[in-house]
Asks: 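I'd like to ask you about the structure that follows.
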There are 2 protein chains.
Amino acid sequence: MGPMSETSPPAPQGDPLDQFLCFSVYATGLAFNRVYKPLLDRFGITYPQYLALVALRGADAQTVSALGAKLHLESNTLTPLIKRLESAGLVTRTRDKQDERVVRVALSDAGRSLIDDALGCIPAALLEATGMRAEELTALNHKLASLGAALRSAAAPAGRAG
Amino acid sequence: MGPMSETSPPAPQGDPLDQFLCFSVYATGLAFNRVYKPLLDRFGITYPQYLALVALRGADAQTVSALGAKLHLESNTLTPLIKRLESAGLVTRTRDKQDERVVRVALSDAGRSLIDDALGCIPAALLEATGMRAEELTALNHKLASLGAALRSAAAPAGRAG
DNA sequence: TGCGATTTAATCGCGCGCGATTTATATGGG
DNA sequence: CCCATATAAATCGCGCGCGATTAAATCGCA
């Protein structure tokens, strides 16, 4: 993203980067990670692993591709991450009998209880860290989601007007 | 972030992750990167390097710490990044004569003309990729910036109520 | 049936972020 | 003056993201 409103001749502002929406997204992502880190360290998982466990909680025995569709990641990122979760005993990986190409990933009992525990306290801690009202965050969430969707379709290689 | 509005009993929605603001920030960050990648490849730089060059354009001969304050990064991340920019001939690194501990980073002529060229076309391409109006993006930018600031102060180790 | 095209994961290399540590320089108190 | 402390940057290891490639299984079609 670039300077958004070119209609600002007078003040040079704090920093040029602050005019970039992409930078706000980038920096807020870093900030989220820093808030999550100490909370997730107590569970021995990373932030991407936390997201994967949340996604797995939604539906069990998902393929790597299906999980990737939810997380917007591909096997080159997911396979090593899932193997680390497997080493930690939090998920199981099984080749599909019908189609040996696909690997199905499921929460183990330990994984399920870990993510349930985590969801019991972490979201509340995060909500407090934002210092904002839930409805305000929901609105922001929706706007960001549609921005993300627009960017994803713009980044898609095939068939776009423009 | 967690489920934001617990006031939604009926629909299980698309995916649980979509209820997490942190995930929208994370996924939108990934999406921004994917839009930037082909644009920045033509200049031979990465997205963090692009941000660093933008920050350097704002004020020359900055210390690593000052640059880090703008980017919300520290020397463990910045030093290697800056060295890559130096190898590419885009910035210069010089030890401060008054205080030999500090390193001052400045754009080279090549770096300045590269970032000027990049800013000449990339922000417009990004604006188009969002498919949103500039004023809407500006509003989103401000909300995200204050969210980021809140998270950063919550993540700061010392002296907080709560 | 056979065999190329497609699909699904996995592998590899590189550039971040970052916690932890190290090195080098500067500063201040006895 | 000397040494403890502080500060700035650099180094190291690990876990992502991801482009590119590979391996293996399935599908399709003659």
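In this text, all values refer to a predicted model and were calculated from it rather than measured experimentally. All heavy atoms count here, side chains included; hydrogens, waters and symmetry mates do not.
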Asks: Considering every strand and a 4.0 Å limit on heavy-atom distances, what is the contact class for B:Arg104: base, sugar-phosphate, or nothing?
Replies: nothing

Asks: Let me know, please, whether B:Gln98 or A:Asn33 comes out on the 5' side of the other along DNA chain C by nearest nucleotide.
Replies: A:Asn33

Asks: Does D:dA10 have its OP1 or OP2 closer than 4.0 Å to a side-chain nitrogen or oxygen of B:Thr79?
Replies: yes

Asks: With a non-hydrogen cut-off below 4.0 angstrom, is A:Leu78 in contact with a base, only sugar-phosphate, or nothing?
Replies: nothing

Asks: For B:Lys83 and D:dT11, is the shortest distance between a side-chain N/O and OP1 or OP2 below 4.0 Å?
Replies: yes

Asks: So what does A:Thr77 hit on the nucleic acid, given a heavy-atom distance under 4.0 Å: a base, only sugar-phosphate, or nothing?
Replies: base

Asks: Counting any heavy atom closer than 4.0 Å, what does A:Asn76 reach on the DNA or RNA strands: base, sugar-phosphate only, or nothing?
Replies: base

Asks: Side-chain heavy atoms nearer than 4.5 Å, only ILVMFWY residues, links allowed to pass through others: does that put B:Leu40 and A:Leu21 together?
Replies: yes

Asks: How long is the line joining CG of B:Leu85 and C1' of C:dC16, in whole Å?
Replies: 12 Å

Asks: Within this structure, what is the CZ-to-C1' distance between A:Arg152 and D:dG17, rounded to whole angstrom?
Replies: 15 Å

Asks: Looking at the side chain of A:Val103, which of D:dT26, C:dC16, C:dA10 is the nearest nucleotide?
Replies: C:dA10

Asks: From CG of B:Leu81 over to P of C:dC14, roughly how many Å is that when rounded to an integer?
Replies: 17 Å

Asks: To the nearest 0.5 Å, what is the distance between CD1 on B:Ile82 and CG on B:Leu90?
Replies: 12.5 Å

Asks: Are any of B:Gln49's side-chain N or O atoms less than 4.0 Å away from OP1 or OP2 of C:dC16?
Replies: yes

Asks: Mind checking the CG-SG spacing from A:Leu51 to B:Cys22? Nearest 0.5 Å is all I need.
Replies: 6.0 Å

Asks: I want to check one thing: is the phosphate of D:dG17, taken as OP1 and OP2, less than 4.0 Å away from some side-chain N or O of B:Tyr26?
Replies: yes

Asks: Report the nucleotide, chosen from C:dA9, C:dC18, D:dA8, that has the shortest atom-to-atom distance to any side-chain atom of A:Leu30.
Replies: C:dC18

Asks: Side chain of B:Arg101 only, heavy atoms from C-beta on: which candidate in C:dA9, C:dG17, C:dA24 is closest?
Replies: C:dA24

Asks: With a cut-off of less than 4.0 Å, is there a side-chain N or O of A:Ser75 near OP1 or OP2 of C:dT11?
Replies: no

Asks: Figure out the CD/C1' separation between A:Glu100 and D:dA23, and round it to whole Å.
Replies: 14 Å

Asks: Rounding to an integer number of Å, can you tell me how far A:Arg34 CZ sits from D:dG15 P?
Replies: 19 Å

Asks: Return no unless some side-chain N or O of A:Thr63 is found under 4.0 Å from OP1 or OP2 of C:dA9.
Replies: yes

Asks: A:Tyr36 OH to C:dC18 C1': how many Å, rounded?
Replies: 18 Å

Asks: Nearest to the side chain of B:Arg84, heavy atoms from C-beta on, is which of C:dA26, C:dG15, C:dT7?
Replies: C:dG15

Asks: What nucleotide among D:dC18, D:dT26, D:dA9 has an atom nearest to a side-chain atom of A:Leu73?
Replies: D:dC18

Asks: Does atom CZ (B:Arg42) have a neighbourhood of more than 12 heavy atoms from anything else shown, all under 6.0 Å?
Replies: no

Asks: Just wondering, are more than 12 heavy atoms of other shown residues or ligands nearer than 6.0 Å to CG in B:Asp41?
Replies: yes

Asks: For the side chain of B:Val102, starting at C-beta, report the closest nucleotide among C:dA9, D:dG17, D:dA9.
Replies: D:dA9

Asks: Near A:Glu74 CD, under 6.0 Å, is it more than 12 heavy atoms from other residues, nucleotides or ligands?
Replies: no

Asks: It should be established whether A:Arg93 places a side-chain nitrogen or oxygen under 4.0 Å from OP1 or OP2 of nucleotide C:dA10.
Replies: yes

Asks: For the pair made of CD1 in B:Ile82 and P in D:dA10, what is the distance, rounded to whole Å?
Replies: 7 Å

Asks: Would you kindly give the NZ-to-P distance between B:Lys37 and D:dA20, to the nearest whole Å?
Replies: 8 Å

